[in-house]
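Per chain, numbering begins at 1; letters A, B, ... match sequence-line order. Hydrogens, waters and symmetry mates are skipped; everything else that's a heavy atom, side chains included, is used.
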Amino acid sequence: MPAGSGTVRPVPELPEVETIRAQLQPRLEGRSITEAGSHPSAKFTPAVEAVGCDVTGVRRRGKYLIVDLDDSSEAGCELVIHLGMTGRLAVEPYVDLSHPHLRAWWRLDDDDALTLHDIRRFGRVHVVPAGRHETIATLHRLGPEPFSDQFTGESLWRALRASRRCIKTQLLSQRPVAGVGNIYADEALWLAGVNPAVRHLSKPRAGRLAEAIRTALASGLRHGGTTLRDYAALDGASGRNQHHLHCYGRAGEPCERCGTELRRKVVDARGTTWCPVCQRR
DNA sequence: GGCTGGCCCTGTACGC
DNA sequence: TGCGTACAGGGCCAGC
């Protein structure tokens with residue numbers, strides 16, 4: 001086994017972020033932010049613009065958490081949080097300012113605090129006027145939500161046709177569809193029988209892949225997300241979807257469909273598991 | 001404007 | 001036991 005390969009750290013993808021969002025909403029909605037602080041790194045703004053604002057809602061767009069704020073302006077503003085690979089949010093009464101992984105925190109008017117811990121510092125925090133995402137390039141160009149009417153086999157086929165990059169790279173770019181990361185890309189491609197390195201799909205196959213993306217994400221949502229190491233929901237509970245994965249992280253094991261040994265290779269600098277028979281090019 | 005590759009970042013596993 | 005190295009990977013950015 002190569003060094004480090006036994007340490008799998010999945011990032012929070014759509015199901016994980018949605019699980020956190022659902023738990024965060026009742027804890028934050030209606031509260032006011034009274035104080036903010038952050039790690040001294042320039043990457044972690046304390047988002048002091050949020051101080052004095054009321055939380056009016058908590059939404060998700062792709063892998064981004066968006067906390068809607070009423071700042072007395074007509075449009076309001078948004079606290080936008082991306083958890084990166086190892087980001088973890090919590091609402092807790094005590095903020096340990098000496099914790100080495102504490103990146104940002106916001107004190108609420110009930111004396112609890114929303115905290116962001118992030119081991120690898122890949123997370124991001126922004127405050128922007130409501131709906132103005134031009135300064136957050138990936139969010140600005142995000143594809144349709146996978147469970148929306150805008151995401152169809154046709155829309156996926158068109159998006160994939162517009163680029164010459166391989167399918168997996170395109171899925172990870174967030175442009176054909178929002179919220180798919182490495183885990184669910186591998187799962188969806190396996191479900192659809194699509195090789196991660198192909199560059200174009202026929203319309204029928206794009207339709208099957210769109211359905212497979214929804215199936216893989218729905219499984220993650222149903223099981224509270226996937227926990228292989230770092231991810232935990234707001235209440236600290238682990239997800240259960242790791243027990244329902246067909247492909248991701250199973251290189252060397254037999255394919256559930258055909259029994260062929262699943263293989264692993266690097267696509268777009270991401271570890272990729274696939275079945276050489278079911279997902280033949 | 002699209003694509004590619006390098007970089008960020010830290011915990012962990014492994015070899016020596 | 002301790003040190004050095006490889007690896008994990010989402011998003012950003014420079015260069016082409």
Phosphate OP1/OP2 of [N] contacted by [X] side-chain N/O (<4.0 Å):
{"X": "A:Arg121", "N": "B:dT10", "result": "yes"}
{"X": "A:Arg103", "N": "B:dC9", "result": "no"}
{"X": "A:His101", "N": "B:dT10", "result": "no"}
{"X": "A:Thr138", "N": "C:dC12", "result": "yes"}

Flag the pair A:Lys63 and A:Glu13 as a salt bridge only when some basic side-chain nitrogen lies within less than 4.0 angstrom of an acidic carboxylate oxygen.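 Looking at A:Lys63 and A:Glu13, the cut-off is not met.
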Between [X] (side chain only) and [Y] (backbone N and O only), is there a donor and an acceptor less than 3.5 Å apart?
{"X": "A:Asp110", "Y": "A:Arg31", "result": "no"}
{"X": "A:Gln279", "Y": "A:Val194", "result": "yes"}
{"X": "A:Arg257", "Y": "A:Trp190", "result": "yes"}

What residue among A:Thr272, A:Asn195, A:Val180 forms side-chain contact (heavy atoms from CB on, under 4.5 Å) with A:Lys168?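 Passing option: A:Thr272.
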What pairs of nitrogen or oxygen atoms, one from the protein and one from nucleotides 3-7 of chain B, lie under 3.5 Å apart?
unit_1	atom_1	unit_2	atom_2	d
B:dC3	OP1	A:Ser163	OG	2.6
B:dC3	OP1	A:Arg164	N	3.0
B:dC3	OP2	A:Ser163	OG	3.3

Based on the rotation axes of five pairs at each end, what angle does the helix from B:dG2-C:dC16 to B:dC16-C:dG2 bend through, to 10°?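 The two end axes of the helix from B:dG2-C:dC16 to B:dC16-C:dG2 meet at 40°.
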Shortest side-chain distance from A:Arg141, nucleotide among C:dG10, B:dG11, B:dG2: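 My answer, after comparing the listed nucleotides, is B:dG2.
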Nearest to the side chain of A:Ile119, which nucleotide is it out of C:dA8, C:dG10, B:dG11?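 In terms of side-chain proximity for A:Ile119, the closest of C:dA8, C:dG10, B:dG11 is B:dG11.
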